[in-house]
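Below is one structure; the comments refer to it alone.
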Amino acid sequence: PYQQFSIAPVHLGYGGEQMANMIFIDTRVYDLPELLNRHFDMLIAHETGHQWFYNMLGVNTFEEMWLEEGVNSYFILEYLEQKYGHDADILEYPKWFKPYSWTAPRVSFRRVRDYRYQLETRMGFDGSLIGPLTSYRDPSRIFSLVYGKGARLMETIRFRLGQDSIDNVFRKAMERYRYQNWSVDDFLELVAEEAGSDEAQRIRAWLYSDVMTDYAVYGRENKITVKRVSGIQDIVEIDVVLKNGRHQRIVWDGKEEQKEFTFEDEIARAELDPDYKLFEIERLNNLWPRPWKMQVVPLYVGLYDMPLFRPQNAYNVVIGPDISQGGGLKISAQDPYQQSVYAATGYRFGEEIWSSKAGYVKQNIFRKPLSAGVEVSNVKDFDGGEEDMVSGKIFFQKGFK
């Protein structure tokens, strides 16, 4: 609506800040390598998006920040994926490296959006999207809940309403509340007009709940059992492939805690929520049998132990050269966000020392930022034996609150 819109580089101390007809971008962002051009694009787009979501549509940010940051983050991801493709990578490699990009850990805008929330909710840090800013313990909770969980919830709402209806909701919002404050109640009123009061009440429950949905599927012979592990009752879809080759899709209303389905033949595979319509804290239990994925990497670095860089819908096995103990090899088997077992061996040339280790780590114990583990190691000195040592450790670690 302005004759002039300015993007101002300033010494901000963090990424960016919005205001009417102008945004601030930290000067350091302009010095990022070309590899991060898409991140630069995201930052500019996000702050510019606030011209609509808090400027044209005013929000009580202290009480209902989701209407500003969650909704804006949803639209910015839509913009990025229309521009760069679905599940687009953040890193933009030069053309000469693209054939070899498989050698680098992969991370997308979509995964970053979900990761922090999926990590922190396992530590007991879930919460309602609507409430005063003083209810958040620290800024990290705001980013994981309002930006991450909030944007993903908007995507779920779009799946439920359909693209045309969600477009109509925001078109009407711009017509009715342009340059006024609007509220969650106003948003839900528009949803009710488009999709009915039952749908609006379901969305209200999502917004004010302190947990998110988690469903699981289990199978045996010619039966599957679908279970609501936690969260709000929702409609779920299950894709079932039978051993005779037939394919069926079941829609379940989710009103009971669990339900069993029987088929004409043994089950080869079942997948719950195949279109990712629900935002669940756990995706691995959406598949039966639980899949395993193996990746051979050119160099095993710590990033491969982070759930952010690993598929969340499978047990992961990673193997590759390891230089942390000299020249050697490391292998790990990981249950994302939950636990991992690993083994590594290496030889330090020049020192004539061979070392190996193996261990197990359990994370998010009691849904708190607690982890525990055990590791055994062996060092063999082939040059005199002075450094020969067999050792072990048991550890218990508390992370951030």
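Since the model is a prediction, treat every value here as computed from it, not as a measurement. Residue numbers run from 1 in the order of the sequence given.
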N/O donor-acceptor pair under 3.5 Å between [X] side chain and [Y] backbone:
| X | Y | value |
| --- | --- | --- |
| Glu47 | Gly15 | no |
| Asp26 | Gly13 | yes |
| Tyr2 | Ala20 | no |
| Arg110 | Glu81 | no |
| Asp265 | Asn244 | yes |
| Glu64 | Val184 | yes |
| Glu282 | Leu284 | yes |
| Arg111 | Pro307 | yes |
| Gln118 | Leu308 | no |
| Thr103 | Tyr100 | yes |

Would you say the side chains of [X] and [Y] form a donor-acceptor pair under 3.5 Å?
| X | Y | value |
| --- | --- | --- |
| Tyr342 | Glu375 | yes |
| Arg152 | Thr156 | yes |
| Gln4 | Ser6 | yes |
| Tyr74 | Glu155 | no |
| Tyr304 | Ser332 | no |
| Ser183 | Asp185 | no |
| Glu68 | Thr61 | yes |

Rounded to the nearest 0.5 Å, how far does [atom2] of [Y] lie from [atom1] of [X]?
| X | Y | atom1 | atom2 | value |
| --- | --- | --- | --- | --- |
| Asp41 | Leu36 | CG | CG | 12.0 Å |
| Ser135 | Ile130 | OG | CD1 | 10.0 Å |
| Ile232 | Leu278 | CD1 | CG | 11.0 Å |
| Leu190 | Asn168 | CG | CG | 10.0 Å |
| Asn72 | Gln18 | CG | CD | 8.0 Å |

Are the side chains of [Y] and [X] in contact, using a 4.5 Å heavy-atom criterion?
| X | Y | result |
| --- | --- | --- |
| Pro311 | Asn316 | yes |
| Lys149 | Ser144 | no |
| Val361 | Phe395 | yes |
| Tyr337 | Ile281 | no |
| Val236 | Asp273 | no |
| Leu161 | Ile203 | yes |
| Gln338 | Lys362 | yes |
| Asp234 | Trp206 | yes |

Charged N to carboxylate O under 4.0 angstrom, [X] versus [Y]?
| X | Y | result |
| --- | --- | --- |
| Arg171 | Glu194 | no |
| Asp335 | Arg290 | no |
| Arg310 | Asp305 | no |
| Arg176 | Glu193 | yes |
| Asp239 | Arg269 | no |
| Glu175 | Lys172 | no |

Tyr347/Trp354 under ring pair (Phe, Tyr, Trp, His ring centres under 6.0 Å): CA gap, chis, key distance, verdict: CA-CA 4 Å; Tyr347 189 81; Trp354 172 74; 8.7 Å; no
Side chain to side chain contact (heavy atoms under 4.5 Å, CB included) between Asn181 and Asn60, worked out: CA-CA 7 Å; Asn181 284 345; Asn60 178 356; 5.9 Å; no
Listed partners of Asp89 passing side chain to side chain contact (heavy atoms under 4.5 Å, CB included), at least two apart: Arg38, Arg106, Ser108
Partner set under ring pair (Phe, Tyr, Trp, His ring centres under 6.0 Å) for Phe97, not counting sequence neighbours: Tyr93
Using 30° and 60° as the class limits, which term best fits the ring planes of [X] and [Y]: parallel, tilted or perpendicular?
| X | Y | value |
| --- | --- | --- |
| Tyr215 | Trp252 | perpendicular |
| Tyr147 | Phe143 | tilted |
| Phe187 | Trp182 | perpendicular |

Chi angles and distances behind the salt bridge (Lys or Arg N to Asp or Glu O under 4.0 Å) call for Arg249, Asp275: CA-CA 12 Å; Arg249 176 165 287 203; Asp275 301 320; 2.9 Å; yes
Heavy-atom closest contact (Val240 atom, Leu242 atom, distance): CG1-CD2, 3.9 Å
Stepwise side-chain hydrogen bond (donor to acceptor under 3.5 Å, both in side chains) test for Tyr117 and Asp126: CA-CA 8 Å; Tyr117 170 70; Asp126 208 340; 2.5 Å; yes
side-chain hydrogen bond (donor to acceptor under 3.5 Å, both in side chains) assessment of His50 paired with Glu17: CA-CA 9 Å; His50 284 299; Glu17 185 60 72; over 6 Å; no
Quiz item: cation-pi between Arg283 and Tyr276, 6.0 Å / 45°: yes
Check: Phe53 ring centre within less than 6.0 Å of Phe170 ring centre: yes
Between Tyr30 and Phe40, ring centroids under 6.0 Å: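 They qualify: ring centres under 6.0 Å apart.
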Kindly list each side-chain donor-acceptor pair under 3.5 angstrom involving residues 365-372, sequence neighbours excluded, with atom names and distances?
{"unit_1": "Arg367", "atom_1": "NE", "unit_2": "Thr121", "atom_2": "O", "d": "3.4"}
{"unit_1": "Arg367", "atom_1": "NH2", "unit_2": "Thr121", "atom_2": "O", "d": "2.4"}

Full working for side-chain hydrogen bond (donor to acceptor under 3.5 Å, both in side chains) between Tyr360 and Gln339: CA-CA 7 Å; Tyr360 168 78; Gln339 56 192 334; 2.5 Å; yes
Name of the residue among Gln312, Glu271, Glu280 meeting side chain to side chain donor-acceptor pair (under 3.5 Å) with Asn286: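 Option passing the side chain to side chain donor-acceptor pair (under 3.5 Å) with Asn286: Glu280.
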Pair Lys277-Ile235, side chain to side chain contact (heavy atoms under 4.5 Å, CB included): steps then yes or no: CA-CA 10 Å; Lys277 294 181 178 180; Ile235 298 171; over 6 Å; no
